[in-house]
Amino acid sequence: MRATTQEAYQLFHDGALALARAEYNGIKVDLPYCKETDKHLQNREEAMQSLLKESELYQLWGKMMPPTEINLDSTKQLGKVLFEVMEIPPPIITDKGNYSVSEEALSIVAPEVPGVQHILDIRGIQKARSTYFGGILKEQFDGVLHPFFHLNKVKTYRSSSSRINFQNLPKRDPFMMNMIRKAFSARPGHRLVEVDFGGIEVKVSACCHKDPNMLKYIRDPSTDMHRDVSQDAFFLSLEDMTPDNEDQEKDIGNIRYVGKNGFTFAQFYGDYFGNCARIMWNYIDSMNLVTKQGVGLYDHLAKHGVHNLEDFKDHLRGVEDIFWNVRFKKYSAWKKKTFKKYLDTGYVDLLTGFRCGGIPLEKNQVLNTPIQGPAFHCLLWSLIETDKELRRNNMKSLILGQIHDAIVLDVLDSEFDNVLDLLLNIMCKRLRKYWKWIIVPMEVTVEASPVDGNWSELKKLKLN
DNA sequence: TGTTCATGG
DNA sequence: TATCCATGAACA
């Protein structure tokens with residue numbers, strides 16, 4: 001470890017102890033449900049394989065090689081059948097120059113090739129069985145799972161998790177989310193609770209470069225960075241924007257979502273306009289984006305002289321220029337300065353007292369490290385303090401784990417209000433007293449299950 | 001062991 | 001200019 005200050009050393013020392021207690025606590029799993037569901041999935045997997053074997057795709061597969069050598073899970077064989085035997089133009093090529101058979105690639109050919117959808121369905125089932133239910137059943141002990149949390153594996157001084165990885169359980173796909181998270185139960189009389197920092201990486205980034213425009217976006221709730229960028233990217237007035245969604249995390253399908261994830265976040269991680277343009281252009285189609293007045297977005301762009309992807313790239317070149325050289329000029333200057341310092345010294349220092357370097361880093365890594373690491377350290381400090389307070393007050397509520405910007409707890413119902421007050425106080429107030437470099441407000445969202453509920457049943461709480 | 005695919009922040 | 005950080009399974 002390369003902590004340059006006592007404080008940084010202490011954070012990881014105390015963090016290791018607090019996370020060890022979370023590992024010791026563990027999360028209760030519903031064993032009968034896991035075994036039953038896994039069995040059900042096994043039947044379904046076999047049924048899907050039978051269906052696949054009735055397809056023409058499988059016939060052609062059989063002509064390509066002796067039956068004993070057929071492996072329906074082989075990505076290499078699948079690529080050969082689709083893109084050589086059937087002569088379909090490969091939609092995506094991998095980094096090493098092979099045919100890609102990722103979900104993205106296969107869903108493009110699936111409408112024309114019966115059987116391909118079965119492969120995707122089978123993959124989903126296999127992922128659920130091997131990684132999730134298989135992992136849970138292998139690692140649980142007496143119905144309690146004890147996932148590990150590491151502080152020594154990630155080059156940005158974030159954490160990681162294993163056996164099982166508590167930090168990548170399905171969430172975005174509603175079916176997978178429900179099926180897998182239903183396996184995790186609250187203890188009797190308890191509720192599962194998840195407390196997230198909102199936009200912590202953007203906030204830490206603003207604390208690094210102190211860009212006045214970004215600080216305003218963060219401090220003034222009437223402004224919205226993603227809305228403004230979306231308006232630039234798609235020639236939209238405020239009235240053209242799809243209605244603001246109350247729950248911004250669930251704004252999938254909105255123009256704002258495309259601006260946020262296709263452009264702004266991609267730019268923060270170091271992407272460039274050409275790639276952003278391709279991704280956003282595809283989103284317009286796959287999400288059927290329309291303006292508030294119901295005009296298709298391709299039609300709307302055509303009115304502004306943007307008729308194809310090449311036109312859109314040209315337009316986005318200008319949007320990118322405004323983004324970095326007008327809107328976030330000071331952020332831009334910080335990037336230049338920080339990278340130059342890395343080239344001069346060979347390391348980059350984090351606000352929390354860690355030093356990264358000693359090995360060659362790419363430019364994007366140098367500029368991401370001071371943001372990703374300290375963002376997690378805000379969470380870790382909060383977790384340590386929460387752990388201290390829960391134990392000092394002899395409370396029955398337990399910390400179960402952590403997901404980069406979120407703490408997961410198993411909270412006794414009678415302690416619920418107290419635990420929430422405690423978390424809010426630590427994460428939004430005490431944290432800012434401890435680290436003076438945090439010059440923006442901290443916000444959290446809280447989700448909780450019913451008493452005796454499970455992790456698929458979290459509901460967002462209204463905080464006052 | 002390296003590559004590709006899936007999952008998350 | 002050329003998207004950051006991970007874990008795990010399966011195949012080659």
Side-chain angles (χ1 to χ4, degrees), chain A residues 69 71-80 92-106 119-120 122-136 138-139 147-173 176-177 180-181 194 196-202 204-205 249 261-279 313 316-317 320-321 323-324 332 335-336 339 356 361-373 375-376 379 401-406:
Chain A
E69 284 176 32
N71 181 354
L72 296 176
D73 298 329
S74 163
T75 50
K76 199 172 180 183
Q77 291 181 18
L78 176 60
K80 210 172 164 196
I92 301 173
I93 297 295
T94 67
D95 288 347
K96 303 287 169 191
N98 304 313
Y99 307 123
S100 171
V101 289
S102 64
E103 166 163 31
E104 196 191 351
L106 290 190
I119 299 222
L120 288 172
I122 291 167
R123 263 192 212 165
I125 295 169
Q126 285 174 339
K127 176 82 176 166
R129 293 194 64 207
S130 57
T131 301
Y132 300 117
F133 288 117
I136 292 166
K138 188 164 71 190
E139 298 294 338
F148 294 134
F149 296 95
H150 318 285
L151 293 175
N152 61 339
K153 301 283 185 200
V154 182
K155 43 189 169 184
T156 59
Y157 295 96
R158 240 200 192 181
S159 70
S160 72
S161 168
S162 65
R163 298 177 63 181
I164 66 172
N165 183 347
F166 194 65
Q167 299 176 321
N168 71 349
L169 296 167
K171 183 166 195 175
R172 296 167 192 171
D173 178 71
M176 284 282 273
M177 186 284 270
I180 304 301
R181 295 194 179 220
E194 195 170 329
D196 297 55
F197 274 123
I200 187 80
E201 286 208 1
V202 173
V204 169
S205 151
E249 298 309 309
N261 295 292
F263 189 82
T264 304
F265 281 167
Q267 289 283 331
F268 286 163
Y269 289 137
D271 206 352
Y272 88 114
F273 66 89
N275 208 24
C276 293
R278 274 199 308 108
I279 287 164
K313 272 188 195 172
L316 228 53
R317 185 200 308 270
E320 186 189 86
D321 183 58
F323 188 88
W324 286 115
S332 215
K335 292 207 298 184
K336 214 171 190 172
F339 188 54
C356 293
L361 298 173
E362 296 291 336
K363 186 175 184 181
N364 287 341
Q365 295 179 294
V366 173
L367 300 178
N368 176 250
T369 297
I371 298 167
Q372 192 182 87
F376 166 67
L379 190 282
Q402 150 274 130
I403 312 171
H404 307 301
D405 65 352

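Here is how names work: the chains are called A, B, and so on, in the same order as the sequence lines, proteins then strands, and each is numbered from 1. All heavy atoms count here, side chains included; hydrogens, waters and symmetry mates do not.
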Using only atom types and a distance under 3.5 Å, with no angle test, would you say the side chain of A:Ser100 pairs donor to acceptor with the backbone of A:Ile93? no
CD of A:Glu194 versus C1' of B:dG8: gap in Å, rounded? 11 Å
Has A:Asn168 got a side-chain N or O lying under 4.0 Å from the OP1 or OP2 atom of C:dT7? no
Side chain of A:Ser74: nearest nucleotide among C:dA9, C:dA12, C:dC5? C:dA12
Whole angstrom value for the distance that separates C1' of C:dA2 from NZ of A:Lys313: 11 Å
Among C:dC4, C:dG8, B:dG8, which is the nearest nucleotide to the side chain of A:Pro170? B:dG8
For a quick test of reading the model: is some side-chain N or O of A:Ser102 closer than 4.0 Å to OP1 or OP2 of B:dT4? no
Round to the nearest Å and state the distance from A:Phe166 atom CZ to B:dT7 atom C1'. 15 Å
From the list C:dC11, C:dG8, C:dC5, which nucleotide is the closest neighbour of the side chain of A:Arg163? C:dG8
Can you see if the side chain of A:Ser162 gets near the phosphate of C:dT7 - specifically, an N or O under 4.0 Å from OP1 or OP2? no
Of the options A:Lys153, A:Gln167, A:His150, A:Glu139, which is the one that meets A:Ser162 in a side chain to side chain donor-acceptor pair (under 3.5 Å)? A:His150
Does A:Phe166 offer a backbone N or O that forms a donor-acceptor pair with the side chain of A:Ser161 under 3.5 Å? yes
Under 4.0 Å between a side-chain N or O of A:Arg123 and OP1 or OP2 of B:dA6? yes
Can any side-chain N or O of A:Arg317 pair as donor or acceptor with the backbone N or O of A:Phe273 at less than 3.5 Å? no
Separation of C:dT1 P from A:Asp321 CG (nearest whole Å): 15 Å
Under 4.0 Å between a side-chain N/O of A:Asn364 and OP1 or OP2 of C:dT1, yes or no? no
For a quick check of understanding: with a heavy-atom distance under 4.0 Å over all strands, which category does A:Gln365 fall into, base, sugar-phosphate or nothing? sugar-phosphate
So A:Asn165, base contact, sugar-phosphate only, or nothing? Heavy-atom distance under 4.0 Å. sugar-phosphate
Kindly say if A:Thr75 contacts the phosphate of B:dT4, meaning a side-chain N or O under 4.0 Å from OP1 or OP2. no
So what does A:Ser161 hit on the nucleic acid, given a heavy-atom distance under 4.0 Å: a base, only sugar-phosphate, or nothing? sugar-phosphate
Quick one: A:Glu320 CD to C:dT3 P, roughly how many Å, whole number? 11 Å
Rounded to whole Å, the CD1-C1' distance (A:Ile180 to C:dA9) equals 14 Å
Measure NZ/A:Lys76 against C1'/B:dT3 and give the value in whole Å, please. 11 Å
Which residue lies more 5' along DNA chain C, comparing A:Gln77 with A:Gly270 via nearest heavy atoms: A:Gly270
Checking C:dA9, B:dC5, C:dC11 against the side chain of A:Asp73 (C-beta onward), the nearest is C:dC11
By nearest atom, which of the nucleotides C:dC5, B:dG9, B:dC5 is closest to the A:Arg172 side chain? B:dG9
Looking only at C:dA9, B:dG8, B:dA6, the nucleotide nearest the A:Lys171 side chain is B:dG8
OP1 or OP2 of C:dT3 less than 4.0 angstrom from a side-chain nitrogen or oxygen of A:Asn275, does that happen here? yes
Is there a side-chain contact between A:Asn368 and the phosphate of C:dC5, meaning an N or O under 4.0 Å from OP1 or OP2? no
Side-chain donor/acceptor of A:Gln77 to backbone N/O of A:Glu69, under 3.5 Å: yes
Picking from C:dA12, C:dT7, B:dG9, the nucleotide nearest the side-chain atoms of A:Arg158 would be B:dG9
Which residue, A:Lys363 or A:Ile164, contacts DNA chain C at a nucleotide closer to its 5' end, judged by nearest heavy atom? A:Lys363
Using a heavy-atom cut-off of 4.0 Å across all strands, would you classify A:Ile279 as base, sugar-phosphate, or nothing? base
Describe the nucleic acid contact of A:Phe273 in one word from base, sugar-phosphate, nothing, applying a heavy-atom distance below 4.0 Å. base
Is there a donor-acceptor pair under 3.5 Å between the side chain of A:Asp196 and the backbone N or O of A:Gly198? no
A:Tyr272 on top of C:dT1's base, within under 5.5 Å and under 30°? no
Should A:Thr369 be listed as having a side-chain N or O under 4.0 Å from OP1 or OP2 of C:dC5? no
Ignoring backbone atoms, establish whether A:Arg278 has a side-chain N or O less than 4.0 Å from OP1 or OP2 of C:dA2. no
Classify A:Lys96 by what it touches in the nucleic acid, base, sugar-phosphate, or nothing, heavy-atom distance under 4.0 Å. sugar-phosphate
So what does A:Gln126 touch, heavy atoms closer than 4.0 Å: a base, only the sugar-phosphate, or nothing? nothing
Nearest-angstrom distance from the residue atom CD1 of A:Ile119 to P of B:dA6: 12 Å
